[in-house]
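Each ligand, and each atom within it, is numbered from 1 in the order the structure gives. The model shown is predicted, which means the values in this text are computed figures rather than measured ones.
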Amino acid sequence: MADQTVPDIIYTKVDEAPQIASASLLPIIQAFAAPAGVSVGTRDISLAGRIIAAFPEALTEAQRQSDDLAVLGELVKTPDANVIKLPNISASVPQLVAAVKELQAKGYAIPDYPEEIHSPEEKAIRAKFDAIKGSAVNPVLREGNSDRRAAIAVKNYAKANPHSMGKWSKDSKTRVSTMGANDFFSNEKSGTLTAAQAGPARIELVGNDGSVTVLKDKLNYPAGTVLDATFMSAKALAAFLDAELDSSKRDGILFSIHLKATMMKVSDPILFGHAVKSYLRPVFDKYGDELAAAGVDPNAGLGTLFERVAALPNVAPIKAEIDAVMAERAPMYMVNSDKGITNLHVPSDVIIDASLPALLRAGGKGWGPDGQAADTNCVIPDSTYAPVYEESVRYFKETGALDPSTAGTVQNVGLMAQKAEEYGSHPTTFEIPKDGTVRVVLANGDVLHEHKVEAGDIWRAASTRQAPIEDWVRLAISRQKAEGCQAIFWLDETRAHDVELIKYVKPILAEAGVSDKFQILAPREATRLSLETIRAGKDSIAVTGNVLRDYLTDLFPILELGTSAKMLSIVKLMQGGGMFETGAGGSAPKHVQQILEENHLRWDSLGEFCALGESFKFLAETKGNAKAKVLGDAVDVATQGVLDHNRSPLGKVGQTDNRDSHYYFALYWAQALAAQTADADLAAHFAPIAAALAENEAKIVAELASVQGKPADLGGYYHTDPAKVAAVMRPSATLNAIIG
Ligand SMILES: NC(=O)C1=CN([C@@H]2O[C@H](COP(=O)(O)OP(=O)(O)OC[C@H]3O[C@@H](n4cnc5c(N)ncnc54)[C@H](OP(=O)(O)O)[C@@H]3O)[C@@H](O)[C@H]2O)C=CC1
Ligand SMILES: O=C(O)CCC(=O)C(=O)O
Ligand SMILES: [Mg+2]
């Protein structure tokens, strides 16, 4: 029986720009849903909220918070789930440390993040923080596979109002560099577990000295699980990075590294740390001991390193050495050239899914330290997915930029459920402590995989369960049937893991009689064909694993629509519930800077509008609530209205911003509800609201505009003050009175 206290719809409380936007949008949603008997509640999955929930013993009764992520994690495994999931911070260590500092300053006695572990207490604290770190929310909530696409209205709008695209030149020196050997791709082994092999498993390191270290036990894999293991050689990585730094300098292009340190929260910060060490190698060679004693962790980035160095007694020679090395190096691709923030400052600043598409959209240009756009060496150490970007760069050099006014679309059906593939691999990823052999030992004693490794190598196992794979193939079949367009499984018949997946895919397609509707192509070939297809104005469905789901649902939307924020992003939960993600982008930290400085919020809530419409319609279907269907249909009309009347936020202070777009969304939503004939009560309820919103347009818009241009006080960054945020985000007394 359903828990009566669970609201019909849960709208997640998150971080940064989407959370600030929620302060304006959620009251509108709640007010409009109430007359239909639909309750919309919230659950706090923000970084600060998750930290507070993890340390009840350190807090006063009043400060404590429930573990909402755990609650939601259970809810998504039930048919009752109807969750609107906004993007949240997947925290790097510097972000985590900053959030803790902010909470401490606000009187929360949260312990410091222990960078080094000296006691069992510190070990326990660190374990709690490690569970909060990185992409700790999405893998828990994503109990289903992913269906991401641009709604037709959104795609048509983008064609009619194409965003600007950078020009590509045939002699652009921009390139993608990848290892190609001794990396995760080339060392991968994969197998599908038989019934005899299923059950408890462990991972152990047999040292060359004969010692056996259990890296992880109490694993448990059901039969049919595809289990992979692989590693990246630390020596090969270091040599590769050194060579790419040199070649960037030689070629006169920017050096950039693109990783996913958030979702790949164990492996990729280590890779990032290698890049920091390579970049400052002469400094580490000369002052390594002093840096280590000062607590410098290269994995945290140059930002923290500079802070630690500044506090050292002999700062001058080290600083001089750093400056000398940086002056010698290739210029770095910048996160913020005005503020001197480089690619290597913070591991969560440059995240490959968003960063590479932005560079491609800009005609293959990154921003250099001089604030100028320049050709760039895009370093993607592992070669599993680098070919997608390498082929894109080649293709655009050959053919010029894509024309968004005529381009077709690439939709995505992504294998994601139950922590599928690499994105679920953090508990089984290790920086190897000493030379030896890593073995995956199964329930029946079989050694499924083994690798000879050296100290420092990064070894990982990843698993993908049978039920999610089958569900994913079926979702692909139904999406292809609905669209009738080209559909491609982006699977490589020469990659160990993909070979195992293909063994599942082909029989399911054959049994459904649809083998001829699908192609199976390796990422490079699939990239080229998809780009050719959309250039010809046609559509394609990319049926991909979890990582490519993530990468492609930024790549194609950013090329086609200018942003991935406007995507429809549906997670059909395997136990019958629904989760509706709002777009495919993140929490846009740059937008927060802008609202703090000049009270203009350029966050576009179109992704929220799309998710909201789907959520109401899903509620209507699952709970038989006809009024929810009326609300959902009217949301679609309102979303179309926001697009047709160009009410989406613009980038500059004084222009339409997020708050204005919410007012117009409410206006069009109320008008659509007043005009519909399916439910007379709702029409009667919303008629006066629609009239009041329309009559007061000039007054409301003026009230909203009056606050822009001055700094805004949100009462915090990670742990904002709800009253202050509401005051900033709801400055129109007229609008607030009508919404009620
Ligand atoms: N589903 C989730 O929970 C996700 C969470 N994240 C998290 O988000 C944070 C930031 O990640 P990042 O890689 O910078 O990617 P973002 O998508 O947050 O930001 C990249 C750029 O995309 C544009 N953008 C994104 N969303 C919107 C929107 N709704 N309206 C207007 N513009 C938008 C902005 O461009 P401009 O500056 O030009 O306005 C922004 O600077 C990280 O903490 C990351 O872990 C990332 C992806 C998904
Ligand atoms: O969970 C995360 O860190 C990011 C998720 C993401 O980028 C995506 O799903 O597109
Ligand atoms: Mg993404």
Flag [X] as yes when one of its N or O atoms lies below 3.5 Å from any N or O atom of ligand 1, and as no otherwise.
X: N88; value: yes
X: I89; value: no
X: R602; value: yes

Going by the order shown, which atoms of ligand 2 are within less than 4.0 Å of some heavy atom of [X]?
X: N138; value: 1 (O), 2 (C), 4 (C), 5 (C)
X: A584; value: 10 (O)
X: R148; value: 8 (C), 9 (O), 10 (O)

message: Within a 6.0 Å radius of atom NZ on K572, are there more than 12 heavy atoms belonging to other residues, nucleotides or ligands?
response: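 Atom NZ in K572 is not packed in, count stays at 12 or less.
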
query: Of the options K419, M416, Q418, which is the one that meets R142 in a side chain to side chain contact (heavy atoms under 4.5 Å, CB included)?
result: M416

- request: Indicate yes or no: does R479 engage D147 in a salt bridge with an N to O separation below 4.0 Å.
  value: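 Answer for the salt bridge query: yes.
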
message: Any carboxylate oxygen within less than 4.0 angstrom of a Lys/Arg side-chain nitrogen, looking at E560 and K159?
response: no

query: Does the ring centre of F580 sit less than 6.0 Å away from the ring centre of F618?
result: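 Yes; F580 has its ring centre under 6.0 Å from that of F618.
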
- request: Give a yes or no on whether the ring-centroid distance for Y668 and H645 is below 6.0 angstrom.
  value: yes

Mind checking whether [X] has a heavy atom under 4.0 Å from ligand 2?
X: E581; result: no
X: M567; result: no
X: R142; result: yes

